[in-house]
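Counting convention: from 1, in listed order, for ligands and their atoms alike. What you are looking at is a predicted structure, and each value in this text was computed from that prediction instead of being measured.
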Amino acid sequence: MTDSSSAVYPQLGMYIAGEWIMRADRTHQVIDPATGDLLGDLPLAQASDLDRALEAAERGFRVWRRTSVDERARVLHGAASLLRERVETIARNATREEGKTLAEMRVETLACAGLFDYYAEEAKRVYGRVLVRPTGTRSLVLKEPIGPVAAFAPWNFPVHNPGRKLGAPIAAGCSVILKPAEEAPASAMAVVQALIDAGCPGDVVQLVFGVPDEVSRHLLASPIIRKLSFTGSTAVGKHLMRLASDTVKVTTLELGGHAPVVIFDDCDLDRTVETLAASKVRNAGQVCISPTRFYVQQGIYDRFVEAYAARMERTRVGNGLNPDSMMGPMANPRRPVALAELVRDAVSHGARVRTGGEGIEGPGFFWKPTVLSEVPDSARVMNEEPFGPLVVTAPFATLDEVVEQANRLPFGLASYIFTENVRQANLMGDALEAGMVGINTTAIAAPDAPFGGVKQSGHGSEDGIEGLAACLVTKTIHQI
Ligand code: NAD
């Protein structure tokens, strides 16, 4: 195992048509969010680079769609093994560019390896069917890879998001042009490098960085691209969906959430507090399924808020490379500014700050774990995703009332329920408008479990057999 303390932050680049491109006229400065230090200069694509990536993706698709599933599985299993071998170096560099703790980054890197292994196996289980027809005639239903995919991955899971954008399409026989977030390029480079080292042909995966709006407009205008896969905010998702509509591309969109958490007075209080505290500070709350709107039944409201605020206060915040840190900095300077504004607005609407509510002095973009109580629906934070370590709480009386509250927003990604009453859990699970529901748990992502939302949280799933199906099209052949 490599000693992570000796990992050197790599020279940054793009991978186009089988070549690493380490220089460009324009660059983006990559910053360590824990220190504010410059980590490196990232080359950004020009239109001509994107055209070369499109041509390569077209060639790559022609080759890869004809490759045996055994070969695709070999590449994915090989990349998974390399990610495991390289986990210490990858995790350290990812923590430096994104901020989350090294322990979290190790888990994330291993989860990416697990996803590649899962799709290596699942690629072998893409089945068509034969329809009942008169003797001597046939009607066949075939599943074929959809074609070159343009995939946009955000910065919050710098290794796993690129892995999600690559695993299923590569298993299905597609080529991919991946544009990860410019904030965390070394992490995405490491995932692509693992695939290349495992034998993935150069034209099958393209890695580009650029000015996001330029890249997405260019790629989505091209008829070569057959599918858009985007993870990020609802606002950007809507914009990309419009761009994709001109050439009628298939879309998979994993957008923002505002996860409601319904805590009934019969829950196991200590376990609920601990589960929700650990889950909220994960990646400093910059997680689309982060538990956020806590509706607590009135009988335990005061006791819960007090215990939860005290537990959140014990979070040790610091550089993610420090083994003592339980939570790192926010990933970029935009988040603390947004959080400060949401807290100010909530307080002006009558909310109480029970802990936190402000940033931490010094270099880096640190923010204190924050709990607000008595937050009215009129406060912005009750309606906009905070995407940070911020929890809002409000009391409720009855199940019907809390269902209405939980479903009030246009989002529907993750929802959580804490209760020891099975019937109540079942009723809530059915009533919540969400793509994913956790009952007495916040662990709702797994390679074999579809991950995605409803309403304005997006459509289509990643992971699971649904993630593979989303990279396939159906063809029916009739023969007499
Ligand atoms: P943002 O809306 O500017 O960007 C979100 C993501 O989309 C980033 O990765 C960005 O690089 C990308 N992006 C932006 N404009 C794009 C374009 N025209 N074409 C292609 N990609 C584009 O916000 P941000 O400040 O980076 O992140 C904060 C917000 O984004 C949060 O409030 C949250 O809602 C959302 N977000 C969601 C997820 C998720 O997992 N669903 C992840 C990261 C960010």
Return yes when atom CZ of R354 has more than 12 non-hydrogen atoms of other residues, nucleotides or ligands closer than 6.0 Å, and no otherwise. yes
What are the distances between nitrogen or oxygen atoms of ligand 1 and protein nitrogen or oxygen atoms, counting only those under 3.5 Å?
| residue | atom | partner | partner atom | Å |
| --- | --- | --- | --- | --- |
| ligand 1 | 2 (O) | S233 | OG | 2.6 |
| ligand 1 | 18 (N) | D213 | OD1 | 3.4 |
| ligand 1 | 19 (N) | P212 | O | 3.4 |
| ligand 1 | 19 (N) | S216 | OG | 2.8 |
| ligand 1 | 25 (O) | R334 | NE | 2.8 |
| ligand 1 | 25 (O) | R334 | NH2 | 3.4 |
| ligand 1 | 26 (O) | W155 | NE1 | 2.9 |
| ligand 1 | 26 (O) | R334 | NH2 | 2.9 |
| ligand 1 | 34 (O) | E385 | OE1 | 2.4 |
| ligand 1 | 40 (O) | N156 | ND2 | 3.4 |
| ligand 1 | 41 (N) | E254 | OE1 | 3.4 |
| ligand 1 | 41 (N) | L255 | O | 3.3 |

Calculate, to the nearest 0.5 Å, the distance between atoms CZ and CG belonging to F387 and L342 respectively. 13.0 Å
Nearest 0.5 angstrom please: I439 CD1 to I417 CD1, how far? 4.5 Å
In plain terms, say whether K368 and E313 are close enough for a salt bridge, that is, a side-chain N and a carboxylate O under 4.0 Å apart. no
Would you call R52 and D203 a salt bridge, using N to O less than 4.0 angstrom? no
Is the shortest side-chain N to carboxylate O distance from R26 to D41 below 4.0 Å? no
